[in-house]
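Below you'll find the structure, written out as structure tokens, and then a few comments.
So you know, we letter chains A, B, ... as the sequences are listed, proteins then strands, and number each from 1. Computed from a predicted structure; not experimentally measured.
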2 protein chains.
Amino acid sequence: MSHPNPRNILVIGGGDGGVLREVVKHDCVEKADLCDIDEAVPRLSKKYLPHMAQGLENRKVTVVIGDGLEFVKKEASKNHYDLIITDSSDPEGPARKLFEKEYFEDCYNALREGGVITTQGESFWENLNFIAGVKRACKEVFPIVEWAWSSTPTYPSGTIGYFVATKDPLRDVRRPVRSFSREEERKYFKYYNQDIHSASFVLPTEAREVIEAA
Amino acid sequence: MSHPNPRNILVIGGGDGGVLREVVKHDCVEKADLCDIDEAVPRLSKKYLPHMAQGLENRKVTVVIGDGLEFVKKEASKNHYDLIITDSSDPEGPARKLFEKEYFEDCYNALREGGVITTQGESFWENLNFIAGVKRACKEVFPIVEWAWSSTPTYPSGTIGYFVATKDPLRDVRRPVRSFSREEERKYFKYYNQDIHSASFVLPTEAREVIEAA
């Protein structure tokens, strides 16, 4: 199966605009929709975090204020997103359902053949059993589910994780699809690069034992 | 050059005993010396952090209360340590000199042929130019100097780095020397394993650009 560069992206949550900023700078991206439940997030981000909020005002972007669960369900079975990024808060209150099987099913159906989701994946220091449970739920829907992490000082414990799942049963998401020259990496990224893509899926022993078994 | 398992270890700082605990559990280690400048650290660690302080009371261990700089200088030119681990506080006040060329020279001379040092290496989020400066100083002494990092929630920014240097000009310290089975990894380590050894040397783009150039 071929893996064309992503063209149509959906961001659930992420109302601060930071994820959008990172998405739209890639020329291959034609359209990025964002659905955040709280209108105050983009409003205050524009006022106080303009370096992040700039993503909200890009010409490729459509911002919807509403329930991400309903948005994805409405889009489900349309099969048109290449990538759905869930940039949610922790799994308490309204965000809880973004970590459950029904949401993953709706994402699956909103993705084109071979499409990918990545969702907020908590911290291996604090939420190991929760991570394992979400991975199991996601594996009931997607044939490939992996878990990566990054150093993220602003989150509790200094890391945040990411579930990465794809409809393509033959794909190894631990390897990057796109290739970047050193010059392109310097241009596009402060953190990400091809080597750290793969390294981010390498887990500390105790986390590995729990997450790989899930 | 062969790389026998380390037998004689020196820890500078680390008076809480945590590093020693991790060192002495390996059967290959015959002797571990520790020199910490502050007697209160082992004393209070024994009282309040017994799970770490247990390393101080192992039969392989000799604890010296004194200035690590002087201790290493005294041991310099003896060429008998396989590994010197510097587990210091930040480079302010007395710890400052543990990040300077003269200390690295003394470590070099206290190490056997092919020996290795690893020293506290600060955070790539907060101290990038400092890291580059220390790397340059270390490279004036050791032929091979690399920098790795781990997720460490108790440090500011949630990560801590490690300089790893060796007298052996042909050695790639980014690859582990010892090999462990999955079962051994589960037995010995909560964090470390062979894959994360190498992954820990993979740097985020902005950090890579600065540290690799140093």
Starting at OH of A:Y191, measure out to CH2 of B:W125 and round the result to the nearest 0.5 Å. 6.5 Å
Which one of A:A207, A:S157, A:P204, A:A199 has the most heavy-atom pairs closer than 4.5 Å to chain B? A:P204
A:E102 atom CD: more than 12 heavy-atom contacts under 6.0 Å: no
Please name the pair of heavy atoms, one in B:L203 and one in A:N193, separated by the smallest distance, quoted to 0.1 Å. O-ND2, 3.0 Å
Which residue out of B:W149, B:Y155, B:Y192 racks up the most heavy-atom pairs below 4.5 Å with chain A? B:W149
At a heavy-atom separation under 4.5 Å, does B:F124 approach chain A through its side chain, its backbone, both, or neither? side chain
In this structure, are over 12 heavy atoms from other groups packed under 6.0 Å from B:K190 atom NZ? no
Hey, is the main chain of B:R186 close enough, under 3.5 Å, to the side chain of A:T205 for a donor-acceptor pair? no
Contacting region of B:F189 [heavy-atom separation from chain A under 4.5 Å]: both
Residues, nucleotides or ligands: over 12 heavy atoms within 6.0 Å of B:K97 NZ: no
Among A:G158, A:P153, A:S123, single out the residue with the greatest number of heavy-atom pairs under 4.5 Å to chain B. A:P153
Contact part of A:E185 toward chain B, heavy-atom cut-off under 4.5 Å: side chain, backbone, both or neither? both
To check you understand the geometry: which heavy-atom pair defines the closest contact between A:S151 and B:T159, and what is its length? OG-CG2, 2.9 Å
Distance (rounded to the nearest 0.5 Å) between A:R208 CZ and B:I196 CD1: 9.0 Å
